[in-house]
Amino acid sequence: MPEPAEAPAAETARTDPQPSPFASPSGRRALPPTPSATDGMTPGPPVAAPAPQAQGTHWPVPHGSVPPFSQTPYAPPMPQAPAGQQQPWAGVPFAMSAPVDEQAPGQPGMPHTLVVRRKRRRRSLSVAWLVPLLVLALVAGAVGGIVGSRLTEDDRLADAGLPVTPAGSGTIERAPDSVAGIAAQVLPSVVSIQVDGAEGSSTGSGFVLRADGYLVTNNHVVAQADGSESATITVTFVDGSEQEASIVGRTSDYDLAVLKVDVDGLTPLALGDSDTVVVGDAVVAVGAPLGLAGTVTTGIVSALNRPVSAGVSTDTEDTAFINAIQTDAAINPGNSGGPLVNAAGEVIGINSAIAQPPGSTSLVGGSIGLGFAIPSNQVRRTAGQLIETGSATYPIIGVLLDQRYSGEGVQVSTADTAGRESVTAGGPAERAGIHPGDVILAIDGRPVTDPDELIVAIRARTPGDTIVLRVRSGSSERDVRVRLDESPTQ
């Protein structure tokens, strides 16, 4: 900060006293100032005592004035010290800190003695404070006693004396068509399957088809063991016993395989009629998800005739085309090959695939409520072929479909591809009058919009069956009847 300007010489000595840092608690006026150090150290000439004045006169007061007194002034004239001697009270002014109650008699020529009386007020608790404090003390004592007893109390009893249910009163009647009743009926026939081979280990589920040891599962569960001498297939039953199994036959077209174990007296599960299933039917899925054998989950049939294509590799020849039953029963890795049963305990499908969220790159996902099962009617026909011949066939119409077509319906290829004819000569389609470039709009009255949808709809039939196709050639549409042929034996 800039230095202050130098004050004029005439203003060097202050005319007003410095303000006191302490304020009078009673609010009285300021007292006269104390004489300077110079005046207090060097005695001045004798000061003549002021002449006595009559009562009621005014007293001069330094640094101000006070109202006139009607009584004797608070200090009589001071006696003068002998010449050459210092006054013992020089420079010490009188100070009155409290009102004068009474004035003690003094000696003539001596100052009067001031007696100040101060009354101290005694403080005491009122009833308004005393009662709440007493109540608070009582409450604190009670709480302390309870807490102390709880901390020192021993909660152990010599006899627990727990309630006992009377014998026979806790019996629960479970209906055969309840989930518990279905599980009790199905579980003894469901097995867990583990395959150990050069490509690693895989697990799945299956169930008993015949009492003499024939089991059914998914092809992708046991595919790595086929033709491998080092691979082993181990089947675990509900009682914990294990048996080594062999492959009777398998097909990638329907993702089914039949195994055989050397055990007799097994309890097979009945294959129901999947054509009678409707959306909303209650279902139970049984299997060994993540190796947890004997797991039961419930749900409903969410949809029918879902076109599902799945395979163990990217090779089209190994792709399975399934006209699947959709369910929201929890199906997880390891459930593959296990049964999907209805309320009567009949198998209406084999759990085979689950959906994953779009964009998911995980090869192993969990259930999101979208599971798919191979219909039991398809299982019956294909498993019968595998047991009888070791291989299975599927129905065909003898055309190649254009995967690049994006218009309405499904288009027959306009040209031969990879040495294969777009329309097989002498095949069912050619006999029905279907030509290259024709568009198939519907099968048996059900519209088709994707090649896989038409394929799975045809493979859900049996060779020799007749279907009706809605075909568009150019701008004209017509219905044609096609009798299905059987694919060559693989």
Side-chain angles (χ1 to χ4, degrees), residues 134-194 203-208 234-243 263 265-270 280-302 327-348 351 354 364-371 373:
L134 291 176
V135 173
L136 181 61
L138 292 174
V139 172
V143 172
I146 294 173
V147 172
S149 63
R150 290 293 180 89
L151 292 177
T152 58
E153 184 180 358
D154 187 356
D155 293 332
R156 298 182 181 87
L157 302 175
D159 183 6
L162 300 179
V164 179
T165 303
S169 62
T171 303
I172 300 175
E173 296 292 337
R174 295 179 176 86
D177 58 349
S178 66
V179 176
I182 295 170
Q185 176 184 347
V186 173
L187 278 171
S189 301
V190 179
V191 299
S192 301
I193 300 172
Q194 179 170 331
T203 60
S205 305
F207 61 92
V208 179
T234 304
V235 174
T236 304
F237 293 89
V238 69
D239 60 359
S241 61
E242 295 182 352
Q243 293 288 331
V263 178
L266 300 177
T267 303
L269 292 181
D281 281 352
V283 291
V284 175
V286 186
L290 304 179
L292 302 175
T295 298
V296 176
T297 57
T298 64
I300 62 170
V301 173
S302 303
T327 179
D328 66 347
I331 297 174
N332 291 285
N335 271 116
S336 294
L340 183 70
V341 301
N342 59 16
E346 299 172 340
V347 178
I348 61 169
N351 303 317
I354 57 176
V364 179
S367 172
I368 59 172
L370 295 174

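Start at 1 with the first residue, then count along the sequence.
By the side chain to side chain contact (heavy atoms under 4.5 Å, CB included) test, Ala180 is found to be paired with Arg174, Ser178, residues two or more places apart in sequence or in another chain being considered.
Residues Pro188 and Ala183 come closest through the heavy atom pair CD-O, 4.4 Å. Contact between Gly345 and Val186 at its shortest, heavy atoms only, is O-CG2, 4.1 Å. Nearest heavy-atom pair across Thr267 and Val208 is O-CB, 3.6 Å.
Atom-to-atom distance recorded for Asp328:CG and Thr298:OG1 is 8.0 Å, nearest 0.5 angstrom. Considering OG1 of Thr297 and CG of Asn335, their distance stands at 6.0 Å, rounded to 0.5 Å. Distance check, rounded to the nearest 0.5 Å: CZ of Phe207 to CG of Leu266 gives 13.0 Å. The distance from the CG atom of Asp239 to the CG atom of Leu187 is 12.0 Å, given to the nearest 0.5 Å. If you take CD1 on Ile348 and CG on Asn342, they are separated by 5.5 Å, rounding to the nearest 0.5 Å.
A donor-acceptor pair is defined here as one N or O able to donate and one able to accept, closer than 3.5 Å; such a pair exists between the side chain of Thr327 and the backbone of Ile300. Between the side chain of Asn332 and the main chain of Ser367, a donor-acceptor pair closer than 3.5 Å is present.
Residues Thr203 and Pro333 form no side-chain contact, since every pair of their non-hydrogen atoms from C-beta on lies 4.5 Å or further apart. Counting heavy atoms from C-beta on, the side chains of Asn351 and Ser205 never come closer than 4.5 Å.
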Under 3.5 Å, side-chain donor or acceptor atoms of residues 280-295 against the rest of the protein: list the pairs with distances, not counting sequence neighbours.
| residue | atom | partner | partner atom | Å |
| --- | --- | --- | --- | --- |
| Asp281 | OD2 | Val278 | N | 3.2 |
| Thr295 | OG1 | Leu292 | O | 2.7 |

